Number of protein chains: 2
Amino acid sequence: MEKEVTIYDIARLLKLSPATVSRALKDHPAISAGTKRLITAAAEEMGYRSNTFASNLRRQRSNTIGVIVPRLDSAFMSTVLAGMEKIVNEGNYNLIISQSLESVRKEKANVKTMFDSRIDGLLVSLSSDTDDLSHFQPFFQKEIPVILFDRVLPHPNCTSIVIDNVRAGYDAAVHLVRQGRKRMMHVSGSQKRNVYEERLRGFRQALAEHGLADDLVLVGNLTRQDGLDAARYIRQLPQPPDGLFVASDFCAASCIGALKEAGFAIPNDIAVVGFNDDPVAQVVEPRLTTIRYPGQEMGEIAAQSLISHLSGQPPVTAANTIVLNHELIVRGSSTP
Amino acid sequence: MEKEVTIYDIARLLKLSPATVSRALKDHPAISAGTKRLITAAAEEMGYRSNTFASNLRRQRSNTIGVIVPRLDSAFMSTVLAGMEKIVNEGNYNLIISQSLESVRKEKANVKTMFDSRIDGLLVSLSSDTDDLSHFQPFFQKEIPVILFDRVLPHPNCTSIVIDNVRAGYDAAVHLVRQGRKRMMHVSGSQKRNVYEERLRGFRQALAEHGLADDLVLVGNLTRQDGLDAARYIRQLPQPPDGLFVASDFCAASCIGALKEAGFAIPNDIAVVGFNDDPVAQVVEPRLTTIRYPGQEMGEIAAQSLISHLSGQPPVTAANTIVLNHELIVRGSSTP
DNA sequence: CTCATTCATGCAACCGATTGCATTTTGCTT
DNA sequence: AAGCAAAATGCAATCGGTTGCATGAATGAG
C-alpha cells in the first residue's frame with residue numbers, strides 16, 4: 001500500500017504552505033485564482049484525497065447525518081430514503097442508515113451508536129413500541145438537531161414531519177360511506193404510534209358524523225398474518241362488515257386474498273381501502289384503493305430542514321410540525 | 001455546547017497518563033485490572049465518548065464498511081442488508097449504504113464517495129448496466145477488499161457470493177416440464193447481469209434436454225410495466241405458452257394479474273414460476289411458485305468474509321466464489 | 001515618491017487517540 | 001538486603017487538515 005498524498009506533499013511540490021493548499025482546496029476567497037488553479041491541478045494529478053478524519057477532528061463535526069427507520073424493507077421507506085439521499089448529497093453530507101426493526105431496544109442501541117459517531121443531526125421514524133424520547137436526551141443536551149418523520153412523538157426539541165393522519169383516516173371512512181357502506185371495520189397498528197392512533201381517530205370521527213357504529217376495530221402489527229387473522233375474524237362474525245379500512249396496503253392485500261377464499265366478493269360484499277400506495281396495491285386483485293403518501297417529498301423536506309438548521313439559524317424552526325398533503329386514490333377494491 | 005470529555009480529562013482526574021487511559025479503555029493486557037476498573041468507571045461517570053475521528057486518523061482505518069446496492073426498496077435487498085448489519089455490528093464495524101438506482105453513473109459516484117470516505121472494505125451488488133469493474137480500480141490499487149454479491153462480474157481481485165442461477169433457472173424449467181407443460185416462455189432482465197443471463201441459460205438448457213422450443217424469451221427491466229407488457233404479448237400470440245418463468249416475483253405478480261384479466265386461467269392455462277420468494281408471492285392469487293433466495297444468509301456470509309479478510313490473512317480467500325443453495329417453493333401458480 | 005490599504009500567503013497551535021520504547025514499580029528469589 | 005525479571009505506567013511523536021493572527025507584497029491615492 002503506497003502512502004497517501006497529503007496537503008503537505010502538495011505544498012512541498014508547489015513550494016507553498018499547507019495552509020494555502022488547504023484554503024485553495026476549500027475555495028477560500030483569500031487565495032488568488034491562479035494559485036487555486038495550480039493547487040487543484042496538482043491535487044488531481046497526484047491523486048490527492050482529503051482525509052475526512054483529520055478534517056472532522058479539527059472542525060469538530062462529521063458532516064454526516066444519521067437516519068433511523070423501523071425497517072428498510074418497505075417501499076414507502078425506500079422512497080423516503082431516496083429523497084433524503086438526494087438532498088443530503090447535494091448539501092455535501094453523508095448518510096448513515098440503521099433500522100430499529102420495530103424494537104425500542106434496538107432503537108436505543110442505534111441512537112447510541114449514532115451519538116458516538118458524532119453525527120451532526122438525526123432523522124428518525126420511531127419504532128412501534130417507542131413510548132418516549134428519553135433515549136434522545138444526549139442529543140438534546142448537546143443541541144444536536146433531531147427531526148422526526150412519519151412516526152413521531154411530540155417534543156419541544158424536535159421538529160416533526162407528518163401527514164394529517166386523522167384527516168386521512170377520515171377521508172378513507174368517508175369514501176366508504178359514499179360507496180353506501182354501513183358497517184365499517186378498521187385494522188390498525190400499535191396505538192402507541194401516532195400514525196395508527198390518528199388514522200383510527202379520523203376513521204371514528206367520520207363514522208360518528210354519519211351515525212355509524214365503530215365497534216369493529218382490530219389492532220395488530222399489520223403483517224401478512226394479521227391480514228389473514230382479520231379475514232378469519234370477519235368470517236365468523238354474525239354480521240360481517242361491508243367496508244374495511246386497513247392501515248397498510250400489504251396487510252390489506254393479504255386480507256383481501258383470505259376474504260376472497262372465504263367467499264366474500266370484493267368490493268361487492270366488502271369494499272376495502274388500504275394505506276400508502278405500496279406497489280402491491282397495483283398487483284392485488286382487485287386493485288387496491290388507498291391513500292397515497294408523499295414519501296420522496298417527506299424525505300426531501302426532512303433532510304432539507306435538517307440541513308438548513310445545521311448551516312443556518314436555529315430560530316428558523318418556528319415551525320415545529322410540518323404537515324404534507326396526502327391523497328385518496330380510488331381503485332377497484334372499493335368501487336364496482 | 002459543553003466541551004467533550006477526552007482521555008486527557010480522565011487522565012488528569014485519575015493522575016494517570018493519557019496512554020494508560022487509552023490502553024485501559026481498549027482493554028490492553030498491559031494495564032492492571034484495578035486501574036482498568038478505575039478508568040472505565042471514571043469514563044462512564046464523566047460521560048466520555050471516544051472520538052472516532054482521532055482514532056481513525058491515528059490508526060489509518062475507518063472501521064467502516066461500504067455497501068452499494070442497485071435499490072434499497074426490494075424485500076430481497078433488505079434481508080441481505082439485515083444480515084450484513086448483524087455481522088458487521090458484532091464485529092464492531094459501521095455500515096454506510098448507498099444505492100446506484102440501476103445506473104452505472106450513480107454507481108461510479110457512489111464508489112468514489114466510498115473511496116474518499118476511506119472505508120475498509122466494500123460490498124457491492126452491481127447495477128443493471130454495469131459492464132466492467134474499472135471504476136473499482138482505486139480500491140484494487142490500494143488493496144482494499146471488494147466483495148461482490150448476487151449481481152457479480154468475474155474479477156481476479158474480487159470474491160463473489162452468488163447462488164447457482166443456471167441451476168435455479170434449470171430447476172424452474174424442469175418443474176414446469178414436470179407439470180406437463182410443453183410451450184415455455186421466460187421473462188428476464190438485463191442480459192449484462194449474470195443473474196438474468198444465467199437463469200435464462202439454465203432455462204434453455206432444461207428445455208433443450210426435454211426437446212422443447214425456447215423461442216419465447218422477453219428481456220426487460222422486470223418492472224410492473226414489463227409484467228403487463230408480457231401479458232399483452234402473450235395475449236396476441238397465436239399459440240400462447242402454457243408455462244411461464246419470470247425472473248422476479250413482483251413482475252410475475254403483475255403479469256399474472258394482467259393474464260387473468262385477459263381470460264387466462266392460472267395455473268390451468270399457464271403455469272407460472274417467479275423468483276426470490278418476495279412477500280408479494282404470498283399475496284398474489286394464486287400464490288406464486290418461486291425460487292427462494294437466502295438473502296439474510298448471503299448478507300451474513302458476504303460481511304463475514306469481508307471482516308475475516310480485514311482482520312486476518314488475505315490468503316484465506318482461496319475461494320474466489322462462494323455459492324449458496326436455493327430452493328424451489330411450489331405453490332398454487334404452477335400446480336392445480 | 002510615500003504611506004495606507006487591500007490582497008495573498010505563511011506560521012504555529014490546535015483537534016484527541018494511539019503506540020514503540022523507556023522508565024518505574026512490583027514481586028520474588030536467594 | 002540485594003538483585004532481577006516481569007508487570008505496569010509514562011513520554012512524546014504522530015496522524016492530516018484547519019484557522020486566528022502575523023507578515024509580506026502589491027496596489028492606489030495624494
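Residue numbering restarts at 1 for every chain, and letters A, B, ... go by the order of the sequence lines. Quick caveat, the model's predicted, so the values are computed rather than measured. The figures here come from the full heavy-atom set of this structure, side chains too, leaving out hydrogens, waters and symmetry mates.
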In this structure, CZ of R105(B) is separated from CG of N110(B) (nearest 0.5 Å) by 10.5 Å
Worksheet item: S32(B) side chain N/O closer than 4.0 Å to the phosphate oxygens (OP1, OP2) of dT9(D)?
Response: yes
- Query: Under 4.0 angstrom, heavy atoms only, what part of the nucleic acid is L16(A) near: base, sugar-phosphate, or nothing?
  - Reply: sugar-phosphate
Do the side chains of K192(B) and D131(B) get close enough for a salt bridge, i.e. N-O under 4.0 angstrom? yes
Side-chain donor/acceptor of R59(A) to base of dT18(D), under 3.5 Å: no
In whole angstroms, the gap separating C1' of dG17(D) from CG of N56(A) amounts to 10 Å
Comparing H28(A) with R58(A), nearest DNA chain C nucleotide closer to 5' gives the residue H28(A)
Indicate, with a heavy-atom threshold strictly under 4.0 Å, whether T35(B) touches base, sugar-phosphate, or nothing.
-> sugar-phosphate
R23(A) (side chain) and dG20(D) (base): donor-acceptor pair under 3.5 Å: yes
Give a yes/no answer on whether the side chain of Y48(B) brings an N or O atom under 4.0 Å of OP1 or OP2 in dA17(C).
yes
### Query
Q60(A) side chain N/O closer than 4.0 Å to the phosphate oxygens (OP1, OP2) of dC14(C)?
no
Is the phosphate of dG10(D), meaning OP1 or OP2, less than 4.0 Å from a side-chain N or O of T20(B)?
yes
Rounded to whole Å, CZ of R118(B) lies from P of dC15(D) at a distance of 13 Å
Salt-bridge criterion met for E102(A) and R151(A) (N-O under 4.0 Å):
yes
**OP:** Compare side-chain N and O positions of S50(A) against OP1 and OP2 of dG17(D) and report whether any pair is under 4.0 Å apart.
**Re:** no
I31(B) CD1 to dT25(C) P, in whole Å, measures 16 Å
Sorted by position of nearest nucleotide on DNA chain D, 5' first, the leading residue of P29(B) and L57(A) is P29(B)
In whole angstroms, the gap separating P of dG16(D) from NZ of K26(A) amounts to 16 Å
K112(B) and E107(B) ion-paired at < 4.0 Å:
no
Rounded to the nearest 0.5 angstrom, the OG1-CD1 distance for T64(A) and I119(A) is 8.5 Å
Please determine if R49(B) forms a cation-pi arrangement with F115(A), meaning its NZ or CZ atom is less than 6.0 Å from the six-membered ring centre and no more than 45° off the ring axis. yes
Here the distance between atom P of dA17(C) and atom CG of D9(B), to the nearest Å, is 9 Å
Output yes when at least one side-chain N/O atom of T6(B) is less than 4.0 Å from OP1 or OP2 of dG16(C), else no.
no
When rounded to whole Å, the CG to C1' distance for the pair N51(A) and dA17(C) reads 14 Å
At under 4.0 Å between heavy atoms, what does Y8(A) touch on the DNA or RNA strands: base, sugar-phosphate, or nothing?
base
**Asked** For dG17(D), does either OP1 or OP2 sit under 4.0 Å from a side-chain N or O belonging to S22(A)?
**Response** no
- How is K36(A) classified with respect to the nucleic acid when contacts are heavy atoms under 4.0 Å: base, sugar-phosphate, or nothing? nothing
Atom CD1 of I39(A) and atom P of dG17(D) are separated, to the nearest Å, by 13 Å
Between CG of L25(A) and P of dT9(C) the distance, given in whole Å, is 13 Å
